[in-house]
Colleague: 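Structure incoming, see below.
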Amino acid sequence: MDMPLIPASKMGFGCMRLPLLDESDQASIDIEQFKQMVDVFMGAGNTYFDTAFVYHDGASETALGEALVARYPRDSFTLATKCLAWAMPDADSAKKCLDVSLERMGTDYVDYYLLHNVGGKRTAKFDEYGMWEFAQEQKAAGKIRFVGFSMHDDAACLEELLTTHPEVDFVQLQVNYLDWGDPHNEAARLMEVAAAHGKPAVIMEPARGGRPCNLPEVAAEALAAANPEASQAQWAYRFCWNLPNVLAVLSGMSTLEQARENVASYAANAPFDSEEKAALDKAVGILRSLAGIPCTACNYCVKGCPSNVQIPQIMELLNLGDITGDLAFARDLYSWQAAEGKASSCIQCGLCETMCPQQIDIIHQLERAAELYE
């Protein structure tokens with residue numbers, strides 16, 4: 001167990017969207033196709049596999065045990081899994097997740113163990129259940145090699161977490177070129193904070209749920225003019241593969257063809273040249289111009305909101321829906337990102353609008369969000 005923290009390859013296999021035999025049954029993983037995908041991934045020299053206790057209703061971990069652990073030497077790959085402690089009823093249930101995960105995967109240790117989706121009010125459950133201490137105890141016992149956490153929160157939250165828990169080895173963050181300069185998601189600032197604390201980052205959502213792979217025609221043309229041979233997915237992954245301080249970049253692969261394409265893309269990876277950088281900047285500018293709400297996430301609107309409506313997050317999701325044209329994707333994000341204060345909770349007191357420097361018609365936009373996403 002002397003493998004270094006950062007593997008030789010930055011390409012990671014995300015096991016949240018594995019191929020299914022029955023689309024209505026998340027546990028019906030197509031094991032034979034998954035085995036072929038694993039073989040393609042491993043055959044190209046990649047080693048990082050990412051799953052979680054809850055993915056595919058637990059079947060993702062079991063499938064990894066069958067398709068990977070049972071078929072390859074244990075020291076030839078690395079496993080990452082996660083514990084969603086805030087969704088567990090008590091501390092005992094949360095702590096038992098580790099042993100269940102190890103049993104499912106057929107191994108006696110996990111290389112990377114993450115506290116899953118820390119941040120906001122969810123952090124309190126990890127604290128209450130003693131999960132930070134538990135993870136370190138299990139690391140000392142040899143069941144965990146490296147401890148980290150994943151989060152979808154802002155840079156201030158990451159700063160607070162890493163200051164409070166300097167003992168963690170790495171973090172997992174949402175980073176992609178759409179979020180890089182975004183005032184809500186702060187991807188660039190997140191990476192800066194991680195680096196300042198000396199923590200390498202696993203990047204999740206490099207293709208933002210597939211949004212940069214299905215660009216509006218005007219943005220797609222800007223990229224194609226600079227590199228007509230590159231797919232839209234390649235642009236998204238290359239942006240992340242070539243960032244500093246990256247442990248792995250996760251790709252959620254669902255088919256054998258996707259596995260082959262991603263492996264080939266990584267093998268041909270190179271940093272953007274000047275023309276490509278300019279083209280990507282142009283495409284991002286075009287995409288942001290499609291966002292109709294000029295919200296800068298200053299958070300003035302939420303101060304004193306009697307209903308605790310998550311206004312900046314909701315404005316960002318409305319813009320995301322406008323940019324991508326994919327309301328289903330934005331609605332799925334809304335279901336949990338706005339759970340602590342939905343748009344329909346607005347009592348139309350108008351305090352938010354009096355505080356908004358951008359003079360956004362917030363009440364109307366919240367009505368639109370409730371209609372579109374609830």
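Remember, predicted model here, so these are calculated numbers, not experimental data.
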Colleague: What is the minimum heavy-atom distance between Q174 and L190, and which atoms define it?
Modeller: O-CD1, 4.1 Å

Colleague: Salt bridge (Lys or Arg N to Asp or Glu O under 4.0 Å), that's the test. Do K143 and D99 meet it? Break it down for me.
Modeller: CA-CA 9 Å; K143 289 186 178 181; D99 283 339; 2.9 Å; yes

Colleague: Quick one, T255 and Q33 - any side-chain contact, counting heavy atoms below 4.5 Å?
Modeller: yes

Colleague: Under a 4.5 Å cut-off applied to non-hydrogen side-chain atoms, are M105 and T62 in contact?
Modeller: no

Colleague: Is there a donor-acceptor pair under 3.5 Å between the side chain of E374 and the backbone N or O of A343?
Modeller: yes

Colleague: Going by the angle between their ring planes, with limits at 30° and 60°, are F41 and F13 parallel, tilted or perpendicular?
Modeller: perpendicular

Colleague: Which residue pairs satisfy the salt bridge (Lys or Arg N to Asp or Glu O under 4.0 Å) criterion with at least one member in residues 243-263, sequence neighbours excluded?
Modeller: none

Colleague: Are W86 and Y129 close enough, and set up right, to give a ring pair (Phe, Tyr, Trp, His ring centres under 6.0 Å), and what steps lead you there?
Modeller: CA-CA 9 Å; W86 57 265; Y129 292 169; over 10 Å; no

Colleague: Quick check: closest heavy atoms across A283 and A219, and the distance to 0.1 Å?
Modeller: CB-O, 3.8 Å

Colleague: Between K96 and D90, does a salt bridge (Lys or Arg N to Asp or Glu O under 4.0 Å) hold up when you go through it step by step?
Modeller: CA-CA 10 Å; K96 285 180 178 176; D90 51 53; over 6 Å; no

Colleague: Main chain of V118, side chain of T123: is a donor-acceptor contact present, judged purely on distance under 3.5 Å?
Modeller: no

Colleague: Are the side chain of D169 and the backbone N or O of V147 linked by a donor-acceptor pair below 3.5 Å?
Modeller: yes

Colleague: Are more than 12 heavy atoms, taken from residues, nucleotides or ligands other than K35, located less than 6.0 Å from that residue's NZ atom?
Modeller: yes

Colleague: Got V38 and F49 here, is their nearest side-chain heavy-atom distance under 4.5 Å?
Modeller: yes

Colleague: Give a yes or no answer on whether the side chain of S265 reaches the backbone of Q234 with a donor-acceptor pair at less than 3.5 Å.
Modeller: no

Colleague: Over 60° means perpendicular and under 30° means parallel, so tell me whether Y266 and W241 are parallel, tilted or perpendicular.
Modeller: perpendicular

Colleague: Check whether any side-chain N or O of H56 sits under 3.5 Å from a backbone N or O of L18 as a donor-acceptor pair, and report yes or no.
Modeller: yes

Colleague: In this structure, which one of K199, M191, M204 forms a side-chain contact (heavy atoms from CB on, under 4.5 Å) with L173?
Modeller: M191

Colleague: Can you tell whether the side chains of E371 and R368 come within less than 4.0 Å, N to carboxylate O?
Modeller: no

Colleague: Might you point out which heavy atoms bring I363 and E353 nearest each other, and give the distance in Å?
Modeller: N-OE2, 2.9 Å

Colleague: Please check this pair: side chain of Q337 against backbone of L333, looking for a donor-acceptor N/O pair closer than 3.5 Å.
Modeller: no

Colleague: Provide the closest heavy-atom pair for C301 versus C305 in the form atom of the first, atom of the second, distance.
Modeller: O-CB, 4.2 Å

Colleague: Is the number of heavy atoms from other residues, nucleotides or ligands within 6.0 Å of OH (Y300) greater than 12?
Modeller: no

Colleague: Are any side-chain N or O atoms of S28 and backbone N or O atoms of D22, one a donor and one an acceptor, separated by less than 3.5 Å?
Modeller: yes

Colleague: Can you tell me if S307 uses its side chain to pair, donor with acceptor, with the backbone of S345 under 3.5 Å?
Modeller: yes

Colleague: Run the side-chain contact (heavy atoms from CB on, under 4.5 Å) check on T164 and W132 step by step: do they pass?
Modeller: CA-CA 10 Å; T164 305; W132 305 96; over 6 Å; no

Colleague: Keeping S101 on the side-chain end and F53 on the backbone end, is there a donor-acceptor pair under 3.5 Å?
Modeller: no

Colleague: Would L161 and D153 count as a side-chain contact (heavy atoms from CB on, under 4.5 Å) here? Give the steps.
Modeller: CA-CA 11 Å; L161 285 167; D153 220 310; over 6 Å; no

Colleague: Using a strict threshold of under 4.0 Å (side-chain N to carboxylate O), is an ion pair present between R71 and D39?
Modeller: yes

Colleague: Does R17 pair with E205 as a salt bridge, N-O distance under 4.0 Å?
Modeller: yes

Colleague: Would one find more than 12 heavy atoms of other residues, nucleotides or ligands at under 6.0 Å from atom CD of E103?
Modeller: no

Colleague: Under the side-chain contact (heavy atoms from CB on, under 4.5 Å) criterion, do Y48 and L247 qualify, and how do the steps go?
Modeller: CA-CA 9 Å; Y48 192 99; L247 192 159; 3.5 Å; yes

Colleague: Looking at P306 and I347, what are the two nearest heavy atoms and their distance?
Modeller: CG-CD1, 3.7 Å

Colleague: May I ask you to say whether D154 pairs ionically with R189, meaning some side-chain N is under 4.0 Å from a carboxylate O?
Modeller: no

Colleague: Would you say H197 and T163 make side-chain contact, with heavy atoms under 4.5 Å?
Modeller: yes

Colleague: Taking I293's backbone N and O only, do any of them form a donor-acceptor pair with N319's side chain (distance below 3.5 Å, no angle check)?
Modeller: yes

Colleague: Start with the C-alpha gap between F170 and Y112, add the side-chain angles, then the distance that decides, and say whether ring pair (Phe, Tyr, Trp, His ring centres under 6.0 Å) holds.
Modeller: CA-CA 9 Å; F170 69 102; Y112 305 94; 5.5 Å; yes

Colleague: Should the heavy atoms of other residues, nucleotides or ligands under 6.0 Å from CD of E160 be counted, would the total exceed 12?
Modeller: no

Colleague: Could you walk me through whether K342 and Y373 pass the side-chain contact (heavy atoms from CB on, under 4.5 Å) check?
Modeller: CA-CA 10 Å; K342 293 184 176 181; Y373 300 149; over 6 Å; no

Colleague: Could you tell me if R238 sits above the aromatic ring of Y177, with its cationic atom closer than 6.0 Å to the ring centre and no more than 45 degrees from the axis?
Modeller: no

Colleague: Rounded at 0.5 Å granularity, tell me how far CD in E367 sits from SG in C346.
Modeller: 7.5 Å

Colleague: Using a 4.5 Å cut-off on heavy atoms from C-beta on, say whether the side chain of E32 contacts that of L256.
Modeller: no

Colleague: Over all heavy atoms of both residues, which pair between F77 and V69 is shortest? Give the atoms and the distance, please.
Modeller: CZ-CA, 3.8 Å

Colleague: With rounding to the nearest 0.5 angstrom, report the CD to CG distance, Q172 to L114.
Modeller: 5.5 Å

Colleague: May I ask you to test the Y113-C83 pair for a side-chain heavy-atom distance under 4.5 Å?
Modeller: yes

